[in-house]
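Computation of the quantities below employed the complete heavy-atom set of this structure, encompassing side-chain atoms and omitting hydrogens, waters and symmetry-equivalent molecules. This structure is a prediction, so every number in the text was calculated from the model and none was measured.
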Amino acid sequence: MNGGFQVIMHDLLDLSRTFHTEAGTCRAIMPDEGPACPDAGDGAVNGMMQAVTETVGLAHVQLASIMALHGSKLQAAHDRYQDAEMSNTQLASKIAAAAQIG
């Protein structure tokens, strides 16, 4: 029993594409090294702010990568469902053909 849920193949594929597209969009809005760091006029403060902006950049890259990973997982789910559907169709055809013989 599926609990009222129905897998729609094209929805999985569309959602996968959307995750991949938006991952690219997300990644493109900020440099990998983070946003530009202002000059505070003090070397120690500048160093701390640079470390913070680089950490923000790293978190941003990770977010975009995770979005792309979810897109890949949705693509894999689509592919598995499609393979299972094809296998079930082939099995049903073989059973129907065998039933006609007997």
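- When every heavy atom of Phe19 is checked against every heavy atom of Met67, the shortest pair comes out as CD2-O, 3.4 Å.
- Here the NE2 atom belonging to His78 is positioned 11.5 Å from the CD1 atom belonging to Ile8, to the nearest 0.5 angstrom.
- To the nearest 0.5 Å, the span separating CE on Met48 from SG on Cys37 amounts to 10.5 Å.
- Not counting sequence neighbours, the partners of Arg17 by the salt bridge (charged side-chain N to carboxylate O under 4.0 Å, His left out) test are Asp14.
- At least one side-chain heavy atom of Met30 sits under 4.5 Å from a side-chain heavy atom of Val56.
- When all heavy atoms of Leu63 and Cys26 are compared, the closest pair comes out as CD2-SG, 4.0 Å.
- Taking OG1 from Thr18 and CG from Leu13, the interatomic distance works out to 9.5 Å, rounded to the nearest 0.5 Å.
- Atoms CD and OG1, from Glu33 and Thr55 in turn, are 13.0 Å apart once rounded to the nearest 0.5 Å.
- Note on Met9 and Leu74: same hydrophobic cluster, where clusters join Ile, Leu, Val, Met, Phe, Trp and Tyr whose side-chain heavy atoms are under 4.5 Å apart, directly or indirectly.
- Atom CG in Leu69 sits 8.5 Å away from atom NE2 in His20 (nearest 0.5 Å).
- Here Ala40 pairs with Val45, Asn46, Met49 under the side-chain contact (heavy atoms from CB on, under 4.5 Å) rule; sequence neighbours left out.
- Within the model, atoms CD of Gln82 and OG of Ser87 stand 10.5 Å from one another, a figure rounded to the nearest 0.5 Å.
- In this structure, the salt bridge (charged side-chain N to carboxylate O under 4.0 Å, His left out) partners of Asp32, at least two apart in sequence or on a different chain, are Arg27.
- Using a 4.5 Å cut-off on side-chain heavy atoms (C-beta onward), Asp79 and Gln75 make contact.
- No side-chain heavy atom of Lys73 sits less than 4.5 Å from a side-chain heavy atom of Ser16.
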